[in-house]
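Notes follow the structure.
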Amino acid sequence: MTYFNRSDHPRSLTLTPMTRSENSSTRDVEHKIFEQLNSLQKEDERLYNILAIDIWALAKTMDEIHPGFWGIFMKIGNRL
């Protein structure tokens with residue numbers, strides 16, 4: 001049996017059984033939500049990778065300007 005949260009309160013965990021007609025429409029909604037979540041997760045991963053590349057490029061540039069910067073940067077990064 002499928003259950004769905006029917007309470008209007010955001011912190012409520014009251015679950016009630018769904019009817020068959022609600023079940024099919026809910027599947028469509030759930031499918032759309034899962035698609036959106038997957039899209040957000042992929043975008044989050046892309047942004048994380050871009051940020052990592054930006055930080056690496058900044059640290060590499062700084063190491064060229066101030067030799068030893070990369071070692072100090074990594075030492076500080078390991079403490080966080």
Side-chain angles (χ1 to χ4, degrees):
M1 182 173 285
T2 306
Y3 290 89
F4 186 74
N5 188 355
R6 294 210 167 217
S7 176
D8 292 334
H9 193 275
R11 292 188 181 194
S12 177
L13 294 176
T14 305
L15 301 176
T16 56
M18 295 188 311
T19 64
R20 288 186 189 269
S21 63
E22 290 175 318
N23 197 9
S24 64
S25 65
T26 301
R27 279 191 204 130
D28 294 338
V29 171
E30 286 176 351
H31 181 71
K32 289 178 183 177
I33 290 172
F34 284 126
E35 284 179 349
Q36 289 177 344
L37 284 174
N38 286 334
S39 174
L40 287 172
Q41 287 173 338
K42 288 177 185 177
E43 183 65 22
D44 182 58
E45 185 177 338
R46 275 188 228 114
L47 291 174
Y48 178 83
N49 290 337
I50 290 170
L51 181 61
I53 291 169
D54 286 346
I55 290 171
W56 175 83
L58 177 64
K60 181 161 175 45
T61 302
M62 289 301 296
D63 197 46
E64 291 172 1
I65 296 170
H66 300 288
F69 178 85
W70 181 254
I72 295 168
F73 177 79
M74 292 303 291
K75 188 176 183 180
I76 291 172
N78 286 335
R79 287 191 281 169
L80 298 177

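Only a predicted model underlies this, so the values are computations on that prediction, with no experimental measurement involved.
- Of the inter-residue distances, the one linking Asp54 atom CG with Leu58 atom CG reads 8.5 Å to the nearest 0.5 angstrom.
- The hydrophobic clustering, which links ILVMFWY residues whose side-chain heavy atoms are closer than 4.5 Å, places Ile50 and Trp56 apart.
- Shown here is Glu64, whose CD atom has more than 12 heavy atoms of other residues, nucleotides or ligands within 6.0 Å.
- The minimum heavy-atom distance linking Met62 with Phe69 is given by the pair CB-CD2, 3.3 Å.
- Side-chain contact check for Glu30 versus Ile33: every heavy-atom pair is 4.5 Å or farther apart.
- Interatomic distance, Met74 CE to Ile72 CD1, rounded to the nearest 0.5 Å: 13.0 Å.
- Side chain of Ser39 to backbone of Glu35: no donor-acceptor contact under 3.5 angstrom is found.
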Give the intermediate values and the outcome of salt bridge (charged side-chain N to carboxylate O under 4.0 Å, His left out) for residues Lys42 and Glu45. CA-CA 5 Å; Lys42 288 177 185 177; Glu45 185 177 338; over 6 Å; no
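- Once rounded to the nearest 0.5 Å, the distance linking CG of Leu40 with CG of Leu47 reads 10.5 Å.
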